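Take a look at the structure set out below.
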2 protein chains.
Amino acid sequence: MKEEKCDISGIWEILGKRWSLHILRNLSTNGIVRFNELKRLLPGISSTVLSERLIELEHEGLITKKIYSEIPIRVEYSLTMRTTELESILKQLSNWVDKWKYYEEKHKITTDSINR
Amino acid sequence: MKEEKCDISGIWEILGKRWSLHILRNLSTNGIVRFNELKRLLPGISSTVLSERLIELEHEGLITKKIYSEIPIRVEYSLTMRTTELESILKQLSNWVDKWKYYEEKHKITTDSINR
DNA sequence: CCGTATCCTAGCAGATACTG
DNA sequence: CAGTATCTGCTAGGATACGG
């Protein structure tokens, strides 16, 4: 267990970490998402790191974890109310990326290297 | 080597990398910045990685590199025109983080209650 | 001043096993 | 299902020193 993080004020550090942005973006897009669902949405992430990031994000108050004690158990993650503004920003970022990619497509000569 | 985009298309991959967001944010805030200046603005980053990121960002067309063959040499980095919209988004993100931190300060009474 | 080359540690994936 | 624990192996990244 490592609990030592003391430099930059949390958020920027977390946003800078791998997967964080993608997790938030997915939660923003899909609303309420379960653990394995999220894992499927993020190709390449491991359970370990996904778990870590979710804990960090929850600890910072960016996301909410809701546990349903059913069988099998169900856990749902979602953004908190305080991240409403962030959602809008992520949405804009997402749109910007799409637009950017669109121009890339048009201006790129042979982009077949990009698999799909 | 891995020039094929296995996962997400270009930009998202880069934005997800460590330091990228911070670099862009700083360029957005400060306009034209030199290498070592940027390094000073990003406590903890190494020359190696800063150099890598700058190359990636330039390659994707997000930033511009301008070299002045003086002695000593001078290199200036800045955002491109195409990132104007992104600037606005980064600005919002920055504001959001500041606001968030402000509330954190006020509400952070017993942070350690969660630690460990 | 602006980087790159080198070395070495931390982070992370992937597989597997186990718990609640 | 939703994790945690462990181990292997690889890659990202920090520190430093040197060359352009």
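Each chain gets a letter, A, B and so on, in the order the sequences are listed, and its residues count up from 1. Nothing here was measured: the structure is a model prediction, and the numbers come from that model. All values below come from the heavy atoms of this structure, side chains included, with hydrogens, waters and symmetry mates left out.
- A cation-pi geometry, defined here as NZ or CZ lying under 6.0 Å from the six-membered ring centre and within 45° of its normal, does not hold between A/Arg82 and B/Trp96.
- When heavy atoms are screened at a 4.0 angstrom cut-off, A/Tyr68 is found touching no nucleic acid atom at all.
- Partners of B/Ile32 according to the side-chain contact (heavy atoms from CB on, under 4.5 Å) rule, which considers only residues two or more places apart in sequence or in another chain, are B/Glu76, B/Ser78.
- Of the side-chain N and O atoms in B/Arg74, none sit less than 4.0 angstrom from OP1 or OP2 of C/dC2.
- A/Glu85 pairs by the side chain to side chain donor-acceptor pair (under 3.5 Å) definition with B/Lys99, not counting sequence neighbours.
- For A/Asn95, there are no side chain to side chain donor-acceptor pair (under 3.5 Å) partners, not counting sequence neighbours.
- When the side-chain nitrogen and oxygen atoms of B/Tyr77 are compared with OP1 and OP2 of C/dG3, one or more of them lie within a distance under 4.0 Å.
- The A/Ile55 side chain lies nearest to D/dT4 when the options are D/dA2, C/dG3, D/dT4.
- Each of A/Ile23, A/Leu54, A/Thr83 was compared with A/Leu62 under the side chain to side chain contact (heavy atoms under 4.5 Å, CB included) criterion, and only A/Thr83 meets it.
- A search for side-chain contact (heavy atoms from CB on, under 4.5 Å) contacts involving B/Ser20 returns B/Ile14, B/Lys17, B/Arg53, not counting sequence neighbours.
- Regarding contacts with the backbone of D/dA12, every side-chain N or O of B/Arg53 stays at 4.0 angstrom or more from both OP1 and OP2.
- For A/Ser88, the side chain to side chain donor-acceptor pair (under 3.5 Å) partners are A/Gln92, not counting sequence neighbours.
- When distances run from any side-chain atom of B/Asn36 to the nucleotides C/dC2, C/dG3, D/dC1, the shortest one goes to C/dC2.
- Between the CZ atom of B/Phe35 and the P atom of D/dG19 there is a distance of 18 Å, rounded to whole Å.
- Phosphate proximity of C/dG3 to B/Lys65: present, with a side-chain N or O under 4.0 Å from OP1 or OP2.
- With D/dT4, D/dG13, D/dC1 as the choices, the nucleotide that has an atom nearest any side-chain atom of A/Pro72 turns out to be D/dC1.
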- Message: Within the 4.0 Å limit for protein heavy atoms, which parts of nucleotides 13-20 of chain C are touched? Write it as a string from 5' to 3', B for base, S for sugar-phosphate only, - for none.
- Response: SS-----B

Show every donor-acceptor pair shorter than 3.5 Å between a side-chain atom in residues 34-42 of chain A and any protein atom, with sequence neighbours excluded, or say none if there are none.
| residue | atom | partner | partner atom | Å |
| --- | --- | --- | --- | --- |
| A/Glu37 | OE1 | A/Arg34 | N | 3.2 |
| A/Lys39 | NZ | A/Ser47 | OG | 2.7 |

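- End-to-end axis angle of the helix from C/dC1-D/dG20 to C/dG20-D/dC1, from C1' rotation axes over five pairs per end: 50° (rounded to 10 degrees).
- Rounding to whole angstrom units, CD of residue A/Glu13 and P of D/dG13 are separated by 14 Å.
- At the heavy-atom level, A/Lys39 lies nowhere under 4.0 Å from the strands shown.
- Taking the side-chain contact (heavy atoms from CB on, under 4.5 Å) definition, one finds that A/Glu52 meets it with A/Thr48, sequence neighbours left out.
- If you check C/dT4, D/dG3, C/dC2 against the side chain of B/Ser51, the one that comes closest is C/dT4.
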